[in-house]
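Here the structure comes first, spelled out in structure tokens, and everything after it is commentary.
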There are 2 protein chains.
Amino acid sequence: MTQLDLNSHAKVPVAEAPESEALDSAVLDTEPSELTKLGRRRDHSRDADILQAALDVLAETGYDGMTIDMVAARAKAGKATLYRRWPSKGHLVVDAVACMKSTDAEAGAVPDTGTLRGDLLAMIKPHTVEQGERKLRIMAGISSMMSREPELAGIAKRQILEPQMTITRTLLQRAKDRGEISPDIDIEQISCISPAMAGHRALVLGKPVTPEFVLSLIDNVILPACRLSNVR
Amino acid sequence: MTQLDLNSHAKVPVAEAPESEALDSAVLDTEPSELTKLGRRRDHSRDADILQAALDVLAETGYDGMTIDMVAARAKAGKATLYRRWPSKGHLVVDAVACMKSTDAEAGAVPDTGTLRGDLLAMIKPHTVEQGERKLRIMAGISSMMSREPELAGIAKRQILEPQMTITRTLLQRAKDRGEISPDIDIEQISCISPAMAGHRALVLGKPVTPEFVLSLIDNVILPACRLSNVR
DNA sequence: CATTTCCGAAACTCAACAGTACCGCATATA
DNA sequence: TATATGCGGTACTGTTGAGTTTCGGAAATG
């Protein structure tokens, strides 16, 4: 609604630093330029808590339902502290999404079991599935804003969709390289199946995305789409 | 946010009156009970315009971005007229979704070409695809409200998802009955593929849902999931 | 210890919007 | 014609929430 023109900010790595352990905080600092260093210094360890709180509220109430006071209260911070670090609610949200933990700590660890089915099954872990659902909820929370804010839409896609998509693409490409699946297979299309079906189930149908659901999806949709019978 | 407790209203057929030509207006009337009939009478033909305007704004800005003034202005009506007919913004939206035209005027006309692929292809019509995208946008617009309002979520699912799902289920069941596909096929799961992938493409990726996209989806995902080769 | 900047908390300003009241006119009944 | 209601329009009321300011105190520097 309010346009939110700021095209700077979000100086996150975001891109491809798979090993980033720390809660990479990408906050604008009021110029730690050079000569000045006086008085109490900003406690940047709070950034992570605040961004985390913002993501929580976002997942629960959506962008429009979220208020700065909610975030501040949940982070046990003052509202002024938030505004000292981010110029607006929109910027806070953009930064929160941009700094989202790569939940796929296993992002670096792409499974390699020798078969496509084995690789896909290896991606099913309760923790991953649970975190994926949370991400979807965050995505839904900012969906109304995404159409008005291409910048945010891009960041959200990169942070929420890309990690899993990238892994899936890799698995499929390897399967193609070793001749397990045909070179004609549209990897991009296949990679969309899982996020699309999971999102539909969680956000539209309101049903939980269980490991059983993902398993059935792999055997009954994804592998058939790769022209592989699921009979191992 | 505001809870919107009213569990009455929405006295729509909604269910299965496939032949309803008129823009079924389901508006609460202030008791046209019995003896009274004095003064100018409410022009119910305006209901359709107002609900249509509400759906337009909903699709464009989402529930939170939509204001009553926007709807009134687009419908060239006075704000008071809206509040004379619906007690609140929430009720208006619920009614608008509930009264949504069955876009599938072809709902009564389930294709029957003799083959599953033929039936599925017959469902691809530019008009249908276009209307489907609009419905998805409306769905996205009320998504934030759906979690707070189970009633609305139910109505939305019934109005937006069910029509197409029902047709698809029918086609699949017929294919099963005639032995074209195995009895083991999970019809419910297959029926979700199209809405899930279309929604993902339109709302998450922001790409248009073209007839070509749907065609590719049928041949590369849906039919393989039915264990049918797409080679006609 | 003086100064500066941060902190959490609370009070404040200001704009947007849901909902209401009223106007002047149109349209209905009796 | 008198009365009653709906109509589009506009002005009003009340609340909510973004963003700002202020305050007492804490942590850093000199």
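Labels below follow one simple rule: chain letters A, B, ... track the order of the sequence lines, proteins then strands, and each chain is numbered from 1.
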Legend entry - Separation of atom CG in A:L82 from atom C1' in C:dA9, rounded to whole Å: 13 Å
Inset, instruction - In whole angstrom, give the distance that lies between atom CG of B:D47 and atom C1' of D:dG6. - result: 12 Å
Legend entry - Minimum heavy-atom distance A:E133-A:P208, with the two atoms named: OE2-CA, 3.9 Å
Inset, instruction - Ignoring backbone atoms, test whether A:T81 places a side-chain nitrogen or oxygen under 4.0 Å from the OP1 or OP2 oxygen of C:dG8. - result: yes
What are the atom names and distances for every N/O pair under 3.5 Å that joins the protein to nucleotides 26-30 of chain D?
residue: D:dA26; atom: N3; partner: A:R40; partner atom: NH1; Å: 3.3

Inset, instruction - Go through the steps for A:T168 and A:L172 under the test side-chain contact (heavy atoms from CB on, under 4.5 Å), then give the verdict. - result: CA-CA 6 Å; A:T168 308; A:L172 288 167; 4.0 Å; yes
Inset, instruction - Grab the two heavy atoms, one from A:M165 and one from A:S191, that are nearest each other, plus how far apart they are. - result: SD-O, 3.2 Å
Inset, instruction - With side-chain contact (heavy atoms from CB on, under 4.5 Å) as the test, would you mind laying out the steps for B:R46 and B:T81 before giving the verdict? - result: CA-CA 10 Å; B:R46 300 304 317 278; B:T81 300; 5.9 Å; no
Inset, instruction - Using whole Å, report how far CZ of A:R42 lies from P of C:dG8. - result: 11 Å
Legend entry - Heavy-atom closest pair, residues B:P163 and B:R158: CD-O, 3.2 Å
Legend entry - Note, B:L205 side chain near A:L161 side chain (heavy atom, < 4.5 Å): yes
Inset, instruction - Find the distance B:W86:CH2 to C:dA18:P and express it as a whole number of Å. - result: 15 Å
Legend entry - Pairs involving residues 159-170 of chain A, ordered by first then second residue, that meet salt bridge (Lys or Arg N to Asp or Glu O under 4.0 Å) (sequence neighbours left out): A:E162-A:R169, A:R169-A:E188
Inset, instruction - Could you tell me whether the side chain of B:M123 reaches within less than 4.5 Å of the side chain of B:L171, counting heavy atoms only? - result: yes
Between the protein and nucleotides 19-22 of chain D, list every N/O to N/O distance that falls short of 3.5 Å.
residue: D:dG19; atom: OP2; partner: A:Y83; partner atom: OH; Å: 3.1
residue: D:dG19; atom: OP2; partner: A:K89; partner atom: N; Å: 2.9
residue: D:dG19; atom: N7; partner: A:K79; partner atom: NZ; Å: 3.2
residue: D:dG19; atom: O6; partner: A:K79; partner atom: NZ; Å: 2.6

